[in-house]
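First listed ligand is number 1; within each ligand, the first listed atom is number 1.
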Amino acid sequence: MSLGISEAVFQVFSRAVPQTGCNEPRVNSSYLTLHSRFRVNCTRKRPSMHRHLFDCSSMLQSQLRTHQFQWMGVSFHLCKAYSHPWLQTCKCQRAESVGGTTGDGNGLRPVNDVETSNLVGNLTTAKHIQLLKQEEEVLASNVTNGAITDSFGTIGVNSVEEEAWDLLRESVVYYCGNPIGTIAAQDPTSSSVLNYDQVFIRDFIPSGIAFLLKGEYDIVRNFILYTLQLQSWEKTMDCHSPGQGLMPASFKVRTVPLDGDDSATEEVLDPDFGEAAIGRVAPVDSGLWWIILLRAYGRCSGDPSVQERVDVQTGIKMILRLCLADGFDMFPTLLVTDGSCMIDRRMGIHGHPLEIQALFYSALLCAREMLTPEDGSADLIRALNNRLVALSFHIREYYWIDMKKLNEIYRYKTEEYSYDAVNKFNIYPDQISPWLVEWMPNKGGYLIGNLQPAHMDFRFFSLGNLWSVVNSLATVEQSHAILDLIEAKWSDLVADMPFKICYPALDGQEWQIITGSDPKNTPWSYHNAGSWPTLLWQLTVACIKMKRTHIAAKAVEIAERRISRDRWPEYYDTKRSRFIGKQSRLYQTWSIAGYLVAKLLLADPSKANILITEEDSELVNALISANPRGKRGRKNLKQTYIV
Ligand code: GLC
């Protein structure tokens, strides 16, 4: 599908449709002018477009007045609260927190830097007391029972869960009094906060799911709607803007002085699209996760009104148009730069990494389910369906390896020039690393990390594999084989803490060249085969889908032995995940939420349906009829798949 100028115009104009809800900016057609002005004159100093100067009250509160103003040719309809009580609340809150209380008294929580550091300070004390108490209990129990393993029992599984809920609630970030997301980490022991005091889109997904499963829908609804507002804003890096539709990696709620009124403050949302992120990586996964969460929200709450909103429908389409835009690529997989997903540093995953493809596939499926048919979207739906078929075929066929396939690759002929080449990507058999020959179990298999001309990245990437099970990108047989492999390689992938982000680690010269000698990604640390407890939730959903919940239950039990005692680290290091990660944050929210989601789903596996997508029979039929395997195939693939 080509995204021509007319479509881009449609895209912009469709944003101009009146939207419900007081907070949304309404951009009129002169947005186009604004857009081009920025492109031409990017050195011009301007107020940050990343600021949301919308309301000072809640989306749900009524004391709002809509104001319209023109700024650089754009009409904005803003909602501002003129209720002085709120403004005072804002100031009081600051005063209170400087005074050292974390209590909110009025339902609001502190959000600015000073306040956050006070909050952290208070947490330090609270958590240290709690830890001391736990340690005392553990010691007492050891004395009584004389066995270290018994010590875990004294903390108790229930209290681990209770603690997790307390911590998750403490991590909630409020915007004008409304819960809007969760902070990435609240580590009282870390001196450099970096961007861990922000709400990350990807990190919020397990938090959001945990709240949904608990029946607390507001925070998820707010998150979906506020992040949608951030999507529509101009973002630039050195005069260049990425495509419209990109969702930020993270955002922060800032409290700033109210223009023209020294005695008052207002809260603003400040997103980061990668222009401030370490390495300036574009968060391709954010929009894909956003769509997945939107569907989960609808399914869990039974409220279709959010996904049916005009602005939400437009948001979905903008993400799709960005992903489906034609480029130079020959493959149906999404072409991205390194670090565009959970692994957001250089780790040699540029090109067509599995994680992005799995999320892309889910986003296409979920969007198809949610898009309301309307004039003008037929092309988009057709492009979406064609892409689903092509993507599914490509991944199942070319990313899959097991013993049989490995042996085929080992015997590949190279330099085949023909439409019917067996070794289509010209893979040299010497690429098969010695570790893989040893590692591949007789029973089981997995999807490789990446595929490019003359390059197969044979590393096992957990999230991409687990999510391909969840969304049926992998066939039923492949899905079982992935779980077989996890069971067979338990001591490598789970060991003392679930779950390795990838396997194996890059080492020596390979580490030097591929990571650029990244000291944070040393072998068996962080993204370079560190262990990430947050992956527990994706593991659990995958196991539930394949009706093999015992695998997830075993992993959760392993995590429970130490995760609370270790203070909920972001990741673990070493080959057997024995150490808390070198630079790992403590009280990392998605470690906490990942554990909670796993527990909640294991307690009621039927709830996993809000995340699972079953194989679509229409898609399978289309795959069979368009199957280009072994044939020249070009003609067949040109067939469009129309629902
Ligand atoms: C690290 C992780 C990234 C995560 C962020 C916030 O940068 O690599 O996936 O979103 O921390 O927790």
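- When ring centroids are compared, Trp467 and Trp289 come within the 6.0 Å threshold.
- Ionic pairing of Arg169 and Glu216 is present here: one or more N-O contacts between side-chain nitrogen and carboxylate oxygen are shorter than 4.0 angstrom.
- Of all protein heavy atoms, the one lying nearest to atom 6 (C) of ligand 1 is Asp203 OD2, 3.1 Å.
- Below 4.0 Å from some heavy atom of Gln588 lie the following atoms of ligand 1, by number and element: 12 (O).
- Taking 4.0 Å as the cut-off, Arg345 does not count as a neighbour of ligand 1 on heavy-atom distance.
- Near Glu570, meaning under 4.0 Å from one of its heavy atoms, ligand 1 places the atoms 1 (C), 11 (O).
- Of the listed residues (Asp197, Asp272, Asp270, Asn195), just one forms a side chain to side chain donor-acceptor pair (under 3.5 Å) with Lys252, and that residue is Asp197.
- At a 4.0 Å cut-off, not a single heavy atom of Gln198 sits close enough to ligand 1 to count as contact.
- Considering only non-hydrogen protein atoms, atom 5 (C) of ligand 1 sits nearest to Phe200 CE2, 3.9 Å.
- The stretch residues 496-509 participates, sequence neighbours left out, in these salt bridge (Lys or Arg N to Asp or Glu O under 4.0 Å) pairs: Asp496-Arg576, Asp496-Arg578.
- When hydrogens are left out, the protein atom nearest atom 1 (C) of ligand 1 is Tyr526 OH, 3.2 Å; that is the closest non-hydrogen contact.
- Not one N or O of Trp590 is nearer than 3.5 Å to an N or O of ligand 1, by distance alone.
- Closest to atom 7 (O) of ligand 1, if we only count protein heavy atoms, is Asp344 OD2, 2.8 Å.
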For residues 591-602, please give each side-chain donor-acceptor pair under 3.5 Å, one per line with the distance, not counting sequence neighbours.
{"from": "Ser591", "atom 1": "OG", "to": "Pro569", "atom 2": "O", "distance (Å)": "2.7"}
{"from": "Tyr595", "atom 1": "OH", "to": "Glu560", "atom 2": "OE2", "distance (Å)": "2.6"}
{"from": "Lys599", "atom 1": "NZ", "to": "Glu560", "atom 2": "OE2", "distance (Å)": "2.7"}

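- Numbered from 1 in the order shown, with element, the atoms of ligand 1 that lie under 4.0 Å from a heavy atom of Met342 read 2 (C), 3 (C), 8 (O), 9 (O).
- Residue contacts with ligand 1, taken as heavy atom pairs separated by less than 4.0 Å, involve Arg202 solely via side-chain atoms from C-beta onward.
- Ring orientation note: the planes of Tyr446 and Phe460 are nearly perpendicular, at an angle over 60° on the 30°/60° scale.
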Evaluation steps, ring-ring contact (aromatic ring centres under 6.0 Å, His included), between Phe223 and Phe204:
CA-CA 9 Å; Phe223 173 88; Phe204 180 72; 4.1 Å; yes

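- Residue Ala184 has no N or O atom closer than 3.5 Å to an N or O atom of ligand 1.
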For the pair Leu354 and Ser468, evaluate side chain to side chain contact (heavy atoms under 4.5 Å, CB included) and give the outcome as yes or no after the intermediate values.
CA-CA 9 Å; Leu354 179 66; Ser468 301; 4.2 Å; yes

